[in-house]
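Below is one structure, written out as structure tokens; comments come after it.
On a predicted model such as this, the values are computed, not experimentally measured, just so you know. All chains are named by letter (A, B, ...) in the order of the sequence lines, taking the proteins before the strands, and each is independently numbered beginning at 1.
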Protein chains: 2
Amino acid sequence: MRLPLKTEYACQVLAQLASTYAAGDVRQVEELATAEGLSPNYLVQILTTLRQAGLVISRRGKNGGYLLARHPGNITLAEIATAMEGGSLIESSPGNGGKSAEMVRAAWVQVNEAMMERCSGITLNDLIPPYVPQDGADWVIF
Amino acid sequence: MRLPLKTEYACQVLAQLASTYAAGDVRQVEELATAEGLSPNYLVQILTTLRQAGLVISRRGKNGGYLLARHPGNITLAEIATAMEGGSLIESSPGNGGKSAEMVRAAWVQVNEAMMERCSGITLNDLIPPYVPQDGADWVIF
DNA sequence: CAATACATTAGTAAATGACGCAACTTTAAA
DNA sequence: TTTAAAGTTGCGTCATTTACTAATGTATTG
């Protein structure tokens, strides 16, 4: 099972927004797209989904952009995954009503719960990319 | 993320084999396929994968069939999933080397570990379908 | 050796995923 | 108030994956 790229991109762009959350400035799609190596038009689709889920806020018009709707420590992987994939992270397929289908389905529900629980313990704070010194600076003051 | 049907079918057919493990008889593809509502030819592909993973044993030729390679309580969901999907249950996509890609990938590795851990706690014994009385019998002695 | 049952491989149709594109709306700034 | 920057929306499309079907091969038993 591959994690859908859209979900991964969502995590990445949210991590970007988290890294400048303190400053309070909006970030423009163009810049975010460049940082993550995506086309702006495509990234917008992801950001739209995240906005509808209430994870980011957008400002339209000139000097518009995006920012996190809440504190990064308050946005979990579980919420992101739910926003991008709907209901449950992993769900048993409809199947064909086989004899033991019901038991199998129930088992995977439990797996999904364990997964969601772990996702709830990871926040955007855990995803913020480490500071990389620009060229010319070979030291950093923490 | 939908659990691939192949993986679900694998769980189902293994549950079937588990339900008659005590008897020690082999089960034929034809019968198993009927019980799970699949075409025999298709089910064979799944069983072949499970055999290569060492979860079932097959006997060819007349009176051939399949049986579990080990005790049902000793075969976990984790093994089944690994057999069907390879390495890790959920894996971060290759992506495009975005700025925060590495952190995101690491986070999902943790989620995968939590998932695998839970899967390791579910065995075929937990998947055995409950006994359903045949028509005519409206009671069961436990 | 013939019947039976598993094994393997190739092929295909449908669904899904990952985008690109274009036309529209909103809003800050000149 | 005009204008242009920037977000919004929906459609289209190409490639990949999935879920099979089918045909042919191989082993085992009587």
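Here chain B contacts DNA chain C (any atom closer than 4.0 Å to a heavy atom, that is under 4.0 Å), and the contacts span C:dT4 to C:dA10 from 5' to 3'.
Nearest approach of B:S120 to B:T76, heavy atoms of both residues: O-CG2, 3.5 Å. The two atoms that bring B:A15 and B:L124 nearest to each other are N-CD2, 4.2 Å, heavy atoms only.
Residue-to-nucleotide proximity on DNA chain D shows that, of B:P4 and A:R59, the 5′-proximal contact is made by A:R59. Along DNA chain D, the nucleotide nearest A:N63 and the nucleotide nearest B:L3 are compared for position; the residue whose nucleotide lies closer to the 5' end is A:N63.
Residue A:I75 is grouped with residue A:Y21 when hydrophobic side chains (ILVMFWY) are merged at heavy-atom distances under 4.5 angstrom, including chains of intermediate members.
The separation between A:E30 atom CD and D:dA4 atom P is 18 Å, rounded to whole Å. Following rounding to the nearest Å, B:R2 (CZ) and D:dT18 (P) show an atom-to-atom distance of 9 Å. When the P atom of D:dT29 is taken as reference, atom CD of B:Q28 falls 13 Å away, rounded to whole Å.
Side-chain contact check for B:M116 versus B:S88: every heavy-atom pair is 4.5 Å or farther apart. A heavy-atom distance below 4.5 Å is not found between the side chains of B:Q110 and A:C119.
The phosphate of D:dA19 (OP1 or OP2) has no side-chain N or O of B:Y9 nearer than 4.0 angstrom. Using a 4.0 Å cut-off, some side-chain N or O of A:S58 falls inside it from OP1 or OP2 of D:dT8.
The existence of a salt bridge linking A:E113 and A:R118 is excluded, since no basic side-chain nitrogen approaches an acidic carboxylate oxygen closer than 4.0 Å.
Contacts between residues 32-57 of chain A and DNA chain D, defined by a heavy-atom separation under 4.0 Å, are made by A:V44, A:Q45, A:T48, A:R51.
Applying the ring pair (Phe, Tyr, Trp, His ring centres under 6.0 Å) definition to pairs two or more places apart or across chains, none involves residues 103-123 of chain B.
Within the model, atoms CD of B:E8 and CD1 of B:I80 stand 11.5 Å from one another, a figure rounded to the nearest 0.5 Å.
Nearest to the side-chain atoms of B:K62 among the listed nucleotides D:dT29, D:dG7, D:dA5 stands D:dT29.
Counting only distance, with no hydrogens or angles, the side chain of A:T20 and the backbone of A:A23 share no donor-acceptor pair below 3.5 Å.
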